[in-house]
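Hydrogens, waters and symmetry mates are skipped; everything else that's a heavy atom, side chains included, is used.
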Amino acid sequence: MRAAPTILHLDMDAFYASVEQASKPSLLGKAVIVGGLGPRGVVATASYEARRFGVHSAMPTAQARRLCPNGAYLIPRFTLYRQVSDVVMALLRELSPLVEPLSLDEAFVDLEAGGVAFDAGSARATGERLRADIRAATGLSGSVGLAGSKMLAKVASEEAKPAGLLLIEPGTERELLAPMSVRTLPGVGPATGEHLRRAGITTVGELVEAGEDELVRMVGRAYGTGLYRMALGLDDRPVVAERDAKSVSVEDTFDVDLHDRVRIRGEVQRLADRCVQRLRGSGHSGRTIVLKVRRYDFSTLTRSETLRGPTDDAAVVREAAARLLEAVDTTGGVRLLGVGVTGLADYTQEDLFAQSLAAEAQAADEEGGTDGAAGGAEPEATDGGAGAQEGAEPPAEAQEAPERRWAAGSDVRHVLYGPGWVQGSGVGRVTVRFEQPGSEPGRVRTFRVDDPELEPSDPLPLVGDAETD
């Protein structure tokens with residue numbers, strides 16, 4: 001614990017939804033829900049307007065639609081969210097070399113290490129200046145917590161929401177925490193909270209009254225001791241600028257259970273390729289390949305294989321993932337698949353080159369057979385099936401062009417009307433609202449889904465460079 005509140009925690013307010021409202025003027029002040037839009041979609045973020053209806057993150061989208069039927073339901077645009085996050089993180093790094101990002105919209109900052117704050121007054125001034133700078137650079141609001149420890153700074157930012165700042169003076173921690181729910185403390189989830197409630201403990205103050213020995217008896221020594229220290233407001237963890245990645249993984253949840261083994265193998269191959277792209281993007285390689293399969297009955301299986309050394313070769317990862325899949329029974333149907341790599345390193349062992357060649361040779365052999373799901377040679381499947389049939393490709397004029405799909409919330413540009421976003425589509429039509437960050441709410445127009453003058457587009461920046469048609 002520090003004697004001055006020089007640890008800052010920033011948490012952007014309803015980040016994804018706020019980005020969507022800032023980029024789509026017609027949604028300002030409206031209920032906005034960002035997440036998966038299919039039957040098994042899950043809410044990623046809900047605007048504060050949507051939260052009044054009971055919508056919250058991790059809720060099934062179908063349930064959110066029942067609670068808030070008139071909300072705007074949009075797909076996530078992670079490219080834009082990362083761009084905005086980069087701007088915010090750059091502002092934090094101007095304050096201190098010790099910035100510990102927790103996600104795209106959340107981070108700790110050691111203000112003392114940056115020489116910008118040494119007491120309550122300078123810390124508060126720095127926090128207020130940061131909030132103003134974020135507003136100017138992104139048009140968004142963030143909540144700031146200031147305290148002598150990371151745990152308390154995070155508690156303070158949560159209490160400050162939305163768009164506020166709370167500073168916890170050292171020495172006032174126990175008084176502040178005492179009436180709060182035990183769920184306020186990091187690591188106390190629904191199960192632990194319910195276990196404590198059955199024991200008559202619902203507030204942090206009651207945790208302190210129970211005492212360390214009783215908590216150890218209830219939840220075990222390691223967790224009980226840590227829980228008691230947190231209840232007292234004690235936390236000595238430093239702000240760590242770099243956090244080593246432990247794994248890289250990707251996964252997909254399917255709207256309809258997959259039963260076709262060929263389709264399942266093809267999806268695993270594509271996930272392996274995506275995982276390797278993310279692995280290389282982080283500058284790592286890894287030794288252990290992990291396959292995750294969630295079956296029709298929600299049972300989840302994981303299988304892993306450790307290689308002789310670390311790799312970032314897509315063929316090697318595909319081959320290992322395919323071997324792991326062979327050990328999993330998928331006859332009842334599969335609702336989720338995932339491929340990951342753990343045991344990360346920042347180098348690749350050269351002798352794995354031979355292993356890569358072997359994998360490619362095996363894929364080539366399988367491609368020559370009757371099973372079209374081999375190796376990495378299978379064409380990209382559409383939503384309707386498991387990929388193209390083998391054999392000669394039909395003439396271009398005989399191929400039927402697939403119908404273009406327009407997801408709600410995605411960016412588009414029309415030759416005549418300029419930039420806009422998709423409000424919805426169906427029955428061969430797509431509805432677009434033409435507006436951009438900083439403009440007045442725009443007009444809505446409807447087009448054929450195959451209109452040649454309408455094209456997908458990159459997101460426009462929230463401030464500074466938007467067009468003024």
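Side-chain contact between Pro437 and Leu460 is present, with at least one heavy-atom pair separated by less than 4.5 Å.
Between Arg229 and Glu212 there is no salt bridge, since none of the side-chain N atoms of the basic residue sits less than 4.0 Å from a carboxylate O of the acidic one. Using a 4.0 Å cut-off between charged side-chain N and carboxylate O, Glu251 and Lys292 make a salt bridge. In this structure, Glu326 does not pair ionically with Arg323, as no charged nitrogen and carboxylate oxygen lie closer than 4.0 Å. The residues Lys154 and Glu158 are annotated as not salt-bridged, no charged nitrogen and carboxylate oxygen being separated by less than 4.0 angstrom. Salt-bridge check for Asp110 with Arg2: passed, with a basic side-chain N closer than 4.0 Å to an acidic carboxylate O. Salt bridge present: Arg263 and Glu267 bring a charged side-chain N and a carboxylate O closer than 4.0 Å.
Counting only residues at least two apart or in different chains, ring pair (Phe, Tyr, Trp, His ring centres under 6.0 Å) contacts with residues 94-146 comprise His9-Phe108.
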**Message:** Determine whether Glu128 and Arg124 satisfy the following criterion, salt bridge (Lys or Arg N to Asp or Glu O under 4.0 Å), listing intermediate values before the conclusion.
**Reply:** CA-CA 6 Å; Glu128 294 289 7; Arg124 183 182 296 276; 5.2 Å; no
**Message:** Applying salt bridge (Lys or Arg N to Asp or Glu O under 4.0 Å) to Arg443 and Glu435, what does each step give before you reach the verdict?
**Reply:** CA-CA 7 Å; Arg443 295 187 61 181; Glu435 59 186 5; over 6 Å; no
**Request:** Before giving the answer on side chain to side chain contact (heavy atoms under 4.5 Å, CB included), spell out for Val422 and Val430 the whole-Å C-alpha distance, their side-chain angles and the decisive distance to 0.1 Å.
**Result:** CA-CA 7 Å; Val422 175; Val430 54; 3.9 Å; yes
**Request:** Evaluate the criterion side-chain hydrogen bond (donor to acceptor under 3.5 Å, both in side chains) for residue pair Thr431 and Arg445; output intermediate values, then yes/no.
**Result:** CA-CA 6 Å; Thr431 301; Arg445 298 180 184 274; over 6 Å; no
**Asked** Under the side-chain hydrogen bond (donor to acceptor under 3.5 Å, both in side chains) criterion, do Asp329 and Thr331 qualify, and how do the steps go?
**Response** CA-CA 6 Å; Asp329 179 12; Thr331 52; 2.8 Å; yes
**Audit row: Val341, Ser247, side chain to side chain contact (heavy atoms under 4.5 Å, CB included) steps and yes/no** = CA-CA 6 Å; Val341 178; Ser247 65; over 6 Å; no
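Checked against Asp13 for a side-chain hydrogen bond (donor to acceptor under 3.5 Å, both in side chains), the options Ser18, Ser143, Ser47 give a single hit: Ser143. Remark: of the listed residues Val328, Ile264, Asp252, Thr330, Ile264 is the sole one forming a side chain to side chain contact (heavy atoms under 4.5 Å, CB included) with Leu337. A side chain to side chain contact (heavy atoms under 4.5 Å, CB included) with Leu146 is found for one member of Ile168, Leu111, Thr126 and no other, namely Leu111.
Smallest separation of non-hydrogen atoms from Arg77 and Pro459: NH1-CB, 3.9 Å. Heavy-atom minimum distance, Pro97 versus Ala241: O-CB, 3.7 Å.
A donor-acceptor pair is defined here as one N or O able to donate and one able to accept, closer than 3.5 Å; such a pair exists between the side chain of Thr61 and the backbone of Gly36. With hydrogens and angles disregarded, a donor-acceptor distance shorter than 3.5 Å links the side chain of Ser23 to the backbone of Val19. Remark: side-chain polar atoms of Glu214 are not paired, donor with acceptor, to backbone N or O of Ala210 under 3.5 angstrom.
For Thr288, the side-chain hydrogen bond (donor to acceptor under 3.5 Å, both in side chains) partners at least two apart in sequence or on another chain are Thr306.
In this structure, Arg174 places its CZ atom where only 12 or fewer heavy-atom neighbours from other residues, nucleotides or ligands lie under 6.0 Å away.
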